[in-house]
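The structure displayed is predicted, hence computed values, not measured ones.
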Number of protein chains: 2
Amino acid sequence: MLSSTRLSHSIHSLRSLSTLQLVYSEHGDPSKVIRPSTVSLPSSVPCGQVRVSWLAAPINPADINQIQGVYPVKPPLPAVGGNEGVGRIEEVGSDVSSFKKGDLVIPARSGLGTWRKMGDHSVDHVWPIDNRFSIEAGATLQVNPSTAYRMLKDFEDLKEGDTVIQNGANSGVGRSVMQICKIRGLKCVSVVRSRDTGMDELREELSELGSTTVVTEEEMASKMRGKVKARLALNCVGGRSSLFLAGAVAKRGTMVTYGGMSKQPLSIPTAAFIFNDISLRGFWMSRWYDEGNTQERTVMYRDLADWFASGRMKTPPFEKIPMDDATAALEKAQTKFDKKMLFV
Amino acid sequence: MLSSTRLSHSIHSLRSLSTLQLVYSEHGDPSKVIRPSTVSLPSSVPCGQVRVSWLAAPINPADINQIQGVYPVKPPLPAVGGNEGVGRIEEVGSDVSSFKKGDLVIPARSGLGTWRKMGDHSVDHVWPIDNRFSIEAGATLQVNPSTAYRMLKDFEDLKEGDTVIQNGANSGVGRSVMQICKIRGLKCVSVVRSRDTGMDELREELSELGSTTVVTEEEMASKMRGKVKARLALNCVGGRSSLFLAGAVAKRGTMVTYGGMSKQPLSIPTAAFIFNDISLRGFWMSRWYDEGNTQERTVMYRDLADWFASGRMKTPPFEKIPMDDATAALEKAQTKFDKKMLFV
């Protein structure tokens, strides 16, 4: 028995124990500091762990910032890049009963390092998801649709017909927000930056996804002024954009900030606090995961699985790039914003 | 009986039924639109009302704004100016048992019109206060010390040793805040605008009142940066000042805005929301009164009566002006800010 196991190990190691991962050993420009690295996995999966083949993993802005060293979460170096992705269980440790071969998983928390072809992970570090998720939807489930889902659920008790307003609406989260608004019967006012060409197409596209109104920031400051009374405002831009957004929040409503694309501080009218009694809060998906929230997480992924499976939610456009072309992908991720890069 | 009442009425009307009030019939510069007006009160106090001789009433910035027509609360015109003050019950309607001659009262809500020598008011429109209050403390109880008291109580569960930070600290509310902080064992970081002369004296004065640290806005932006972790920040300035204040709020702490002296929108760093999870709220004393809060109001005035009576709280410096000099007082209130104008 012992020698047979040894033999199987050594055959295994000859065949498949070496795998590619994208590693950085210092902070800096991702396209310069990220290097492909070949590592060996033990021939059999250690106790308490599962072997995951990572099927797809996006390049998110937070991944870029983390490698640059400007993100508040800094894994110890060297580190494998990537915080989001979907994998399939290939094998489980001898004492593991909570996962089986073929299950789809995503990272339980950020910081796992998903830019790798295969990895062994503690069972606590991965989270099972419904096998109905497509690879694309599963690989990008954890951040954008989940952020949208939680912000529409955790801050205001929104009822059918209530109004939500959001800026940066043409973002991944923004597109998820409008789709969930449509599913829940909420009105969604989507504020976008005005553009010289393709504005009509953008309005049409975002309306199709679920926005009841699509307006530019300029329109918010002029003809739409005083017209919107939203129970909830979602801000990922800051600067002047947040000024108009806060002015559109109804009495006692809430504005949630989850990003700062303009790199400007939020600008908020004093009167909105004093006379309209609005609250400003922040949301960070990583912290929500870190806090546990096990049961709510299960419910959320079940809802999202239903919505993606029924076609009521769709993933944004991707550009799929093999992990071997990491440098090109990382350069594109920082210069082209119309499609999200997805390592496959 | 009937004829005897009539006789008494007519004697009374000859002696004392005419009284002075400061009235405005249109919005505009208070020193121009406010006019002294003599009105007659009925010889006996109507049922359900009390006759109040108003002993002192301040000129607050909100009073000025209300007369200018730029405040969100606009009483129907013509209106008597003034929202705060202290009066003494002179006589009560025949069916009134809740007040008696000699009781001190303040307005139950804003909008009563306190710039008058005497008035008949519905029993619901005045609120009894402890006779231990001095005329000055009673006349200015309803806004500044109450605002400070509530903000230190209703937003964060502050424990002895916790830190509060405030800007505009040299204001009426600011001075109340530091005194209540001292009474409650809270650390109070007071941010003031830097001044060319008298800075040392100001530091000393505000420290004496209860500030544990007095810093200028410039010092907050430089040597104090990252040094303060306050559970609660109180903002009445806005603009850049709110940027430094928000940066000094501890994780999950709260910043409350109750004024906007700079007339600039608040500026708030995005990271404070996302990574520090701070909340921004607003506070408006008038709304709190409008909401009822009867029991909490009684407790608050009892605490403040104790504190003023024991000398642990003091009123700010006043300039006392007879109501007949209204124009001069209203001009001074808009140009001199070192002393509050108090009609007596």
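No side-chain heavy atom of B/Val164 sits less than 4.5 Å from a side-chain heavy atom of B/Val189. For the pair A/Ile165/A/Met220, a side-chain contact is recorded, criterion being any heavy-atom separation below 4.5 Å from C-beta on. Residues A/Leu280 and B/Phe273 have side chains in contact (heavy-atom distance under 4.5 Å, counting atoms from C-beta outward).
The environment of A/Arg297 atom CZ is dense: over 12 non-hydrogen atoms of other residues, nucleotides or ligands sit within 6.0 angstrom. By the 6.0 Å contact criterion, NZ on A/Lys74 is enclosed, its count of non-hydrogen atoms from other residues, nucleotides or ligands being greater than 12.
Note that OG of B/Ser146 and CD of B/Glu84 are 8.0 Å apart. Values are rounded to the nearest 0.5 Å.
Judged as a ring pair (Phe, Tyr, Trp, His ring centres under 6.0 Å), and not counting sequence neighbours, A/Phe244 has no contacts. B/Glu218 pairs by the side-chain contact (heavy atoms from CB on, under 4.5 Å) definition with B/Ser194, B/Thr216, not counting sequence neighbours.
Among B/Thr257, B/Val73, B/Asn276, B/Ile278, the residue with the largest count of heavy-atom pairs under 4.5 Å with chain A is B/Thr257. No other option in A/Ala246, A/Gly259, A/Pro269 has as many heavy-atom pairs under 4.5 Å with chain B as A/Gly259. Most heavy-atom pairs under 4.5 Å with chain B: of the set A/Thr270, A/Asp277, A/Leu266, this distinction falls to A/Leu266.
There is no side-chain donor-acceptor pair under 3.5 Å between B/Asp29 and B/Gln68. A side-chain donor-acceptor contact under 3.5 Å links A/Gln66 and A/Asn83.
Both the backbone and the side chain of A/Phe275 come within contact range of chain B, with heavy atoms under 4.5 Å apart.
Near-neighbour residues of residues 228-243 of chain B relative to chain A, defined by a heavy atom under 4.5 Å from a heavy atom of that chain, comprise B/Leu243. Contacts of residues 285-293 of chain B with chain A at a heavy-atom distance below 4.5 Å involve B/Arg287, B/Glu291, listed in sequence order.
Contact record, A/Val256 with A/Phe283: CG1-CB, 3.7 Å, taken as the closest heavy-atom pair.
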